[in-house]
Amino acid sequence: NSKLNDGCVSISHDGSTLISYIITDNGSKSTPSSTGDLYYSNYSDSTLWTAPIKFGGTINSEYQELSACFSVDKKTLYFSSNRPGGYGGFDLYKARQLPNGIWGTPVNLGPIINTKHNESAPFMHADGETFYFSSEGHATMGGFDIFKSYERAGKYWSTPENIGYPINTIENDIYFTISEDNKRGYYSSDREGSLGGQDIFKIKMFDADNYQEVIHCS
């Protein structure tokens, strides 16, 4: 942790690498906007986290990269950015790690995933092809909703599906993750019943009954 804001963005499926967003400049009265970058830390010797290591210049930019996740093998990084050249607002990108360990040039996930509004909070499921993200631009109930799409052959995307109520609401629902067995999920929402602002909720998934129960993590 540093003197400014530090946020946990995601953790790899094997639990060994943590991605964080670290504020590097809190701004000033003349330029109030804060700036930050994506970092990663490795779990070393089962006892300690290494000091945060900044992702290279292909990932971080002079713009904002607020959320990210790894593929199952940690060779692909999915992240959100409002850098120029996107479809509007924050878009989702992916970058592959080269054999020398450097991250390659990011590729925009394209108009099937991205819209003229904001897309953020990517999460690749442990099956390696079910991709969850939050969007303000697809067919939402209101604010950010959580959608899922399927990545085929590492480059084709299915039409995003709204995962529906009771997980999605007319408020902002974002940062969804789900367990490997698809029985437990977690996300952040300012839905009715929150204590204030964005709260964390746990989701019990009941596939047989096509039913989900959302529980406030109080």
Side-chain angles (χ1 to χ4, degrees), residues 2 4-10 17-40 52-71 74-124 131-140 142-160 162 172-176 188 198:
S2 66
L4 298 178
N5 293 327
D6 306 280
C8 174
V9 172
S10 66
T17 305
L18 175 74
I19 300 176
S20 56
Y21 177 75
I22 297 177
I23 297 294
T24 55
D25 184 350
N26 239 355
S28 62
K29 290 183 178 179
S30 59
T31 55
S33 297
S34 61
T35 58
D37 289 314
L38 291 170
Y39 291 72
Y40 66 93
I53 302 166
K54 190 175 181 178
F55 279 99
T58 57
I59 305 300
N60 290 310
S61 71
E62 60 182 301
Y63 297 88
Q64 291 181 295
E65 291 74 36
L66 297 179
S67 56
C69 74
F70 285 117
S71 60
K74 295 193 290 188
K75 299 297 184 183
T76 301
L77 183 75
Y78 301 88
F79 66 97
S80 64
S81 176
N82 64 348
R83 65 188 60 191
Y87 291 87
F90 280 87
D91 277 13
L92 294 174
Y93 293 79
K94 72 176 180 180
R96 299 189 185 280
Q97 191 175 45
L98 304 177
N100 61 2
I102 301 298
W103 290 98
T105 302
V107 176
N108 190 293
L109 297 191
I112 292 178
I113 299 295
N114 292 309
T115 69
K116 65 180 180 180
H117 300 287
N118 292 313
E119 279 70 45
S120 192
F123 176 75
M124 179 59 77
F131 184 69
Y132 294 92
F133 65 98
S134 290
S135 173
E136 291 181 310
H138 290 283
T140 73
F144 276 104
D145 271 9
I146 299 155
F147 292 80
K148 70 176 178 180
S149 177
Y150 297 93
E151 186 177 27
R152 308 299 190 191
K155 54 184 177 181
Y156 302 108
W157 295 97
S158 66
T159 301
N162 189 308
N172 291 299
D173 308 295
I174 196 167
Y175 294 110
F176 177 82
S188 173
Q198 295 287 136

Test item: S158 side-chain N/O and Y150 main-chain N/O as donor-acceptor pair under 3.5 Å: yes
Interatomic distance, W103 atom CH2 to L98 atom CG [nearest 0.5 angstrom]: 9.0 Å
Without swapping roles, check the side chain of N114 against the backbone of L92 for a donor-acceptor pair under 3.5 Å. yes
Quick one: does N172's side chain have a donor or acceptor within less than 3.5 Å of a partner on F144's backbone? yes
Sequence neighbours excluded, the answer for side chain to side chain contact (heavy atoms under 4.5 Å, CB included) partners of T159 is none
Does S20 offer a backbone N or O that forms a donor-acceptor pair with the side chain of D6 under 3.5 Å? no
For residues Y39 and I19, determine if any side-chain heavy atom of one lies less than 4.5 Å from a side-chain heavy atom of the other. no
So do F55 and L77 actually touch side chain to side chain, heavy atoms under 4.5 Å? yes
Are the aromatic ring centres of Y78 and F131 under 6.0 angstrom apart? yes
4.5 Å side-chain heavy-atom contact, K94 and M124: no
Starting at CD1 of I59, measure out to OG1 of T105 and round the result to the nearest 0.5 Å. 9.0 Å
For A68, does its backbone N or O pair with a side-chain atom of S10 as donor and acceptor, under 3.5 Å? yes
Below 4.5 Å, heavy atoms only, C-beta onward: do T140 and F147 meet side chain to side chain? yes
What is the minimum heavy-atom distance between N162 and A139, and which atoms define it? ND2-O, 3.1 Å
Heavy-atom distance under 4.5 Å between the side chains of Y93 and R83, does that happen here? yes
Kindly give the heavy-atom pair with the smallest separation between E65 and S81, and that separation in Å. OE2-OG, 2.8 Å
Are any side-chain N or O atoms of N118 and backbone N or O atoms of G89, one a donor and one an acceptor, separated by less than 3.5 Å? no
Any donor-acceptor N/O pair, N82 side chain to Q64 backbone, under 3.5 Å: yes
Would you call S134 and D173 a side-chain contact if the rule is heavy atoms closer than 4.5 Å? no
Taking H138 for the side chain and I113 for the main chain, is one N or O donor matched with an acceptor at less than 3.5 Å? yes
Quick one: CG on D145 to CZ on F176, what's the gap to the nearest 0.5 Å? 12.5 Å
N/O donor-acceptor pair under 3.5 Å between S71 side chain and T76 backbone: yes
Sidechain-backbone polar pair: S67 side chain, A121 backbone, donor-acceptor under 3.5 Å: yes
Hey, could you give me the OG1/CZ distance between T17 and F70, rounded to the nearest 0.5 Å? 5.5 Å
Side-chain heavy atoms of P160 within contact of F133, under 4.5 Å: yes
Can you tell me how far the NZ atom of K54 sits from the CD1 atom of I22, to the nearest 0.5 Å? 10.0 Å
Give the minimum heavy-atom separation between S80 and S120, together with the two atoms involved. OG-OG, 3.6 Å
If I take atom CZ from residue F90 and atom CG from residue L66, how far apart are they, to the nearest 0.5 angstrom? 4.0 Å
Donor-acceptor side-chain pairing of T115 and E119 below 3.5 angstrom: yes
What are the two closest non-hydrogen atoms of Y63 and P84, and how far apart are they? CE1-CD, 3.3 Å
More than 12 foreign heavy atoms under 6.0 Å from NZ of K75: is that the case here? no
